[in-house]
Amino acid sequence: MAVTGPDGVAHTAGIAGLDMRTDLALLSVPNLSAPPLEMGTATTGDTGEIVGRSSSRTVPYLVRRAVDITIDRIGGEGGHERSGYELEAGTRKGDSGSGAFDHDGRLIGIVFATADDASGATWVTAGNEVSAFLAVEHTGPWVCDPDESRVLPPASVPYG
């Protein structure tokens, strides 16, 4: 996997942390010099830009509303709650993982879904969820327990 830095240079990245409950991953990118992102919040009517993964394009957005998101538990019933936003934006397949930034350059969320109809709806996981994920010590490598939709250290994964 590669990450392009602010200088336009591609760097090899590895997964350092993963949380299926929030659908977020932390990447380790050796030799990348980049300042940390500031997190922001948004309210209905705010605008900004999504820095897209597909074709490295940017897409303007309008915040339609804050939403509570339920992610279905993989392999079973129930789900996990997280906060996010519904945006009006022209994202497309391949933009999942893109950052939604306000006009001051603060990350308000990360794209995880785009409507496949003409509604223009895009959903992002809110910046406060990203901050909470980053506050956890990630000592990977991590593996996923798909039956529980949670992340476990390798020694804890039941095999067989």
Side-chain angles (χ1 to χ4, degrees), residues 1-72 74 79-138 140-142 144 149-151:
M1 159 178 348
V3 171
T4 303
D7 56 0
V9 174
H11 300 269
T12 301
I15 298 173
L18 179 67
D19 187 341
M20 294 286 286
R21 291 168 293 199
T22 56
D23 193 26
L24 294 172
L26 175 65
L27 300 179
S28 171
V29 189
N31 304 317
L32 176 65
S33 295
L37 292 175
E38 265 189 73
M39 298 298 169
T41 58
T43 58
T44 300
D46 286 354
T47 60
E49 288 189 330
I50 295 171
V51 178
R53 291 181 347 119
S54 56
S55 305
S56 299
R57 64 192 185 103
T58 59
V59 176
Y61 71 77
L62 168 73
V63 176
R64 289 180 175 170
R65 61 189 177 125
V67 293
D68 290 323
I69 302 158
T70 301
I71 298 176
D72 291 336
I74 296 173
H80 301 288
E81 296 286 325
R82 64 182 166 160
S83 60
Y85 302 103
E86 180 183 321
L87 309 178
E88 183 175 317
T91 56
R92 59 186 180 211
K93 286 187 175 189
D95 283 334
S96 292
S98 300
F101 295 89
D102 66 16
H103 291 295
D104 293 320
R106 294 180 298 239
L107 180 73
I108 65 126
I110 296 178
V111 174
F112 74 89
T114 299
D116 58 2
D117 58 20
S119 69
T122 296
W123 293 273
V124 300
T125 299
N128 64 329
E129 296 284 350
V130 176
S131 293
F133 171 67
L134 293 175
V136 173
E137 182 178 351
H138 298 281
W142 296 92
C144 233
S149 187
R150 61 191 167 106
V151 178

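All values reported here derive from a predicted model rather than from experimental measurement. For the single chain, residues carry numbers from 1 onward in sequence order.
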- Kindly determine whether Tyr61 and Thr122 satisfy side-chain contact (heavy atoms from CB on, under 4.5 Å), including the steps that lead there. CA-CA 9 Å; Tyr61 71 77; Thr122 296; over 6 Å; no
- Spacing of CG belonging to Asn31 relative to OG1 belonging to Thr12, to within rounding of 0.5 Å: 9.5 Å
- Message: With a 4.5 Å cut-off on side-chain heavy atoms, are Arg82 and Phe133 touching?
- Response: no
- Task: Mind running side-chain contact (heavy atoms from CB on, under 4.5 Å) on Ile50 and Asp95 for me, showing each step along the way?
- Result: CA-CA 9 Å; Ile50 295 171; Asp95 283 334; 5.6 Å; no
- Considering only heavy atoms from C-beta outward, does the side chain of Ile110 approach that of Val124 to under 4.5 Å? no
- Looking only at non-hydrogen atoms, find the nearest pair between Ser96 and Ala113 and report the distance. OG-N, 4.4 Å
- Value rounded to 0.5 Å, distance of CD in Glu38 from CZ in Phe101: 11.5 Å
- Item | Between OG1 on residue Thr41 and CG on residue Leu107, distance to nearest 0.5 Å | 11.5 Å
- Query: So how far is it from Leu26 CG to Leu134 CG, rounded to the nearest 0.5 Å?
  - Reply: 6.0 Å
- About how many Å separate CG of Leu32 and CG of Leu27, when rounded to the nearest 0.5 Å? 10.5 Å
- Can you pull the side chain to side chain donor-acceptor pair (under 3.5 Å) pairs that have at least one residue in residues 102-114, sequence neighbours excluded? Thr47-His103, Thr91-Thr114, Asp102-Arg106, Asp104-Arg106
- Residue list, side chain to side chain donor-acceptor pair (under 3.5 Å) with Glu49, at least two apart or on another chain: none
- Item | Interatomic distance, Leu62 atom CG to Tyr85 atom OH [nearest 0.5 angstrom] | 13.5 Å
